Amino acid sequence: MTKNIAIEVYGAEVICASCVNAPSSLDTFEWLQAAIPRKYKDQPFSITYIDIEKEPENDRQKDYIERIQNDEFFYPLVLVEDEVAAEGYVQLKPIFKELEKHGFTAE
């Protein structure tokens with residue numbers, strides 16, 4: 001059994017200007033929340049949405065928020081175990097690849 005994998009989605013209500021026709025950050029979060037357990041049944045993970053327009057919970061989140069605001073990353077920004085898995089127009093394949101690095105196996 002794999003350990004609980006932490007996934008974070010950083011985003012805002014306003015869609016990233018560079019990500020034309022992309023889903024919103026919250027839509028991306030909800031999509032991942034539904035898609036991951038369909039492919040990786042009974043494999044533990046937690047997924048957290050972090051609004052970049054609100055006060056962060058800790059310094060690590062603050063650092064990522066500042067980096068997004070300084071245009072180092074596009075949002076939504078998806079981290080898997082604190083590694084950048086996707087940003088901007090998020091697709092499943094890179095997220096799944098990162099999960100599999102941490103022991104997830106598809107059924």
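Just so you know, these numbers come straight off a predicted model, no measurement behind them.
Between Glu55 and Lys62, the closest side-chain pair of non-hydrogen atoms is not below 4.5 Å. The shortest distance between side-chain heavy atoms of Glu87 and Tyr75 does not fall below 4.5 Å. Inter-residue side-chain proximity for Thr105 and Gln43 is flagged as met; some heavy-atom pair is nearer than 4.5 Å. Using a 4.5 Å heavy-atom cutoff, the side chains of His102 and Val80 are in contact. Residues Ile5 and Lys3 are in side-chain contact: their nearest non-hydrogen atoms beyond the backbone lie under 4.5 Å apart.
Qualifying side-chain contact (heavy atoms from CB on, under 4.5 Å) partners for Lys101, counting only residues two or more places apart in sequence or in other chains: Glu98. Taking the side-chain contact (heavy atoms from CB on, under 4.5 Å) definition, one finds that Gln91 meets it with Tyr89, Pro94, sequence neighbours left out.
To the nearest 0.5 angstrom, Gln61 atom CD is 4.5 Å from Ile50 atom CD1.
Atom CG of Asp59 has 12 or fewer heavy atoms from other residues, nucleotides or ligands within 6.0 Å. Environment of CD in Glu53: crowded, with over 12 heavy atoms of neighbouring residues, nucleotides or ligands closer than 6.0 Å.
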Q: Using the side chain to side chain contact (heavy atoms under 4.5 Å, CB included) rule, take Val90 and Val9 through it: C-alpha gap first, then chi angles, then the decisive distance, then the call.
A: CA-CA 10 Å; Val90 175; Val9 179; over 6 Å; no
Q | Steps toward side chain to side chain contact (heavy atoms under 4.5 Å, CB included) verdict (Arg60, Leu79) | A | CA-CA 12 Å; Arg60 191 181 62 70; Leu79 303 179; 4.1 Å; yes
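With salt bridges taken as basic N to acidic carboxylate O contacts below 4.0 Å, none links Lys54 and Glu13.
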Give the table of side-chain donor-acceptor pairs shorter than 3.5 Å for residues 25-38, with sequence neighbours excluded, one pair per line with atom names and distance.
{"unit_1": "Ser25", "atom_1": "OG", "unit_2": "Ala12", "atom_2": "N", "d": "3.3"}
{"unit_1": "Asp27", "atom_1": "OD2", "unit_2": "Ser24", "atom_2": "OG", "d": "3.2"}
{"unit_1": "Thr28", "atom_1": "OG1", "unit_2": "Ser24", "atom_2": "O", "d": "3.0"}

Would you give me the side-chain donor-acceptor pairs under 3.5 Å for residues 64-73, sequence neighbours excluded?
{"unit_1": "Tyr64", "atom_1": "OH", "unit_2": "Asp82", "atom_2": "O", "d": "3.4"}
{"unit_1": "Tyr64", "atom_1": "OH", "unit_2": "Asp82", "atom_2": "OD1", "d": "3.3"}
{"unit_1": "Arg67", "atom_1": "NE", "unit_2": "Glu72", "atom_2": "OE1", "d": "3.3"}
{"unit_1": "Arg67", "atom_1": "NE", "unit_2": "Glu72", "atom_2": "OE2", "d": "3.0"}
{"unit_1": "Arg67", "atom_1": "NH2", "unit_2": "Glu72", "atom_2": "OE2", "d": "2.7"}
{"unit_1": "Gln69", "atom_1": "NE2", "unit_2": "Ile52", "atom_2": "O", "d": "3.3"}
{"unit_1": "Asn70", "atom_1": "ND2", "unit_2": "Glu66", "atom_2": "O", "d": "3.1"}

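Phe104 and Tyr40 have their aromatic ring centers within a separation under 6.0 angstrom.
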